[in-house]
Amino acid sequence: INGYQTFNLSGKVYFVVRSQDGDGATDDRFTNARAAQALADDVDSGLDTDPNHVALRSRVLTFFVNRTAFFNFDDFSFFPKPTEFNGGIVASSPDRKLRLSLRATDPDPYDFATRPTGGGGGPSTATILRTHVTVHGTYTSGGVTRDTSYTAPINFLSSYTIDLPVDAPYITGTDLTLDIQLCDCANCEASPGTGRCTTTTIPVTVAPIPPLVGAAGNPSTHPTGSSVRGDSNGSDSR
């Protein structure tokens, strides 16, 4: 007895196996698919240790169609590294440019446009690694410091630069937090099931804004918080 079915949507599959006896009666221990999914997740995570539920777990087959891509934090060139991969030290930039090096790996490429036509055909022929970075920082106006942010354009390169003085001059603080989304799909939001995304939050420090030199040769500081503007290639919010 066997069956064959193809799954083409990205995600985790829960497949319920129900037996049937010679009189046509079927195993009714699962009343619906949602109950089977909840039992599998709870048993796998250790939240449900009921012996009967643990035994029943084998009746729910689980597998992935496309696993989530991940960042290579151990890569020497990765920047900024999370504190735990950077010797317990917050990553820092010598100036106010974030020279990002976001090396990543997709263990099973699943580009929906180049996926195998049938089941069991292996990975897709193309690999997509997409990043989307939001910079969270502060600006000071009238002696009051407030939060602000800048969202860079979606990028398909592993290395690129966010130049804060150009892209987000309203961010004037030195302690930043980056929310870095990694996706293995080109347009997941518009086409659900074509890929998976994960977001990593990483702190990073940048150099302070250097002082300006006035007309008489006297140093003066940059005005801070004088304006908060959007950018044609990104967005910001207070």
Side-chain angles (χ1 to χ4, degrees), residues 10-12 45 64 66-111 123-124 126-140 145-189 194-210 222 224 228 231 233-238:
S10 178
K12 184 177 181 179
S45 65
F64 289 93
N66 182 28
R67 290 183 177 272
T68 307
F70 57 87
F71 284 122
N72 298 329
F73 296 130
D74 290 326
D75 189 304
F76 75 95
S77 67
F78 194 98
F79 181 85
K81 288 190 176 186
T83 305
E84 59 270 29
F85 289 88
N86 200 43
I89 302 172
V90 174
S92 63
S93 172
D95 51 26
R96 297 188 66 79
K97 293 183 179 181
L98 298 172
R99 298 173 180 83
L100 304 176
S101 179
L102 307 176
R103 308 293 180 179
T105 296
D106 188 349
D108 57 346
Y110 187 68
D111 172 26
S124 62
T127 299
I128 295 176
L129 293 172
R130 188 193 86 176
T131 58
H132 201 189
V133 179
T134 297
V135 182
H136 299 277
T138 60
Y139 74 99
T140 302
T145 299
R146 295 180 173 87
D147 295 332
T148 188
S149 65
Y150 165 76
T151 298
I154 288 174
N155 209 303
F156 292 90
L157 300 175
S158 61
S159 298
Y160 54 96
T161 298
I162 297 177
D163 188 340
L164 292 177
V166 175
D167 299 325
Y170 49 86
I171 296 180
T172 59
T174 59
D175 297 322
L176 310 177
T177 300
L178 307 187
D179 286 338
I180 309 175
Q181 183 192 61
L182 173 65
C183 300
D184 63 356
C185 44
N187 196 17
C188 323
E189 295 79 8
T194 60
R196 309 186 75 184
C197 298
T198 182
T199 299
T200 302
T201 300
I202 303 176
V204 61
T205 62
V206 294
I209 295 177
H222 285 271
T224 59
V228 178
D231 187 274
N233 292 322
S235 62
D236 63 79
S237 61
R238 296 197 198 187

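Note that the coordinates shown come from a computational prediction; the quantities given were computed from them, not determined experimentally. Only this structure's heavy atoms are used, side chains among them; waters, hydrogens and symmetry mates stay out.
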- Between Asn66 and Asp108, does a side chain to side chain contact (heavy atoms under 4.5 Å, CB included) hold up when you go through it step by step? CA-CA 6 Å; Asn66 182 28; Asp108 57 346; 3.7 Å; yes
- Between Phe85 and Phe73, how do the two ring planes meet: parallel, tilted or perpendicular, split at 30° and 60°? tilted
Tell me yes or no: between the side chains of [X] and [Y], is some donor less than 3.5 Å from an acceptor?
| X | Y | result |
| --- | --- | --- |
| Asn155 | His132 | no |
| Thr134 | Ser149 | no |
| Asn72 | Thr105 | yes |
| Arg99 | Thr161 | no |
| Tyr160 | Thr131 | yes |
| Asp95 | Ser93 | yes |

- Query: Does the side chain of Leu102 come within less than 4.5 Å of Ile180's, by heavy atoms?
  - Reply: yes
Just how far is it from atom [atom1] of [X] to atom [atom2] of [Y], taken to the nearest 0.5 Å?
| X | Y | atom1 | atom2 | value |
| --- | --- | --- | --- | --- |
| Asp184 | Thr194 | CG | OG1 | 8.5 Å |
| Lys97 | Asp167 | NZ | CG | 10.0 Å |
| Phe64 | Lys12 | CZ | NZ | 4.5 Å |

- Tested for side chain to side chain contact (heavy atoms under 4.5 Å, CB included) against Leu176, the lone hit among Thr138, Ile171, Thr205 is Ile171
- Query: Is there less than 2.5 Å between the SG of Cys188 and that of Cys197?
  - Reply: no
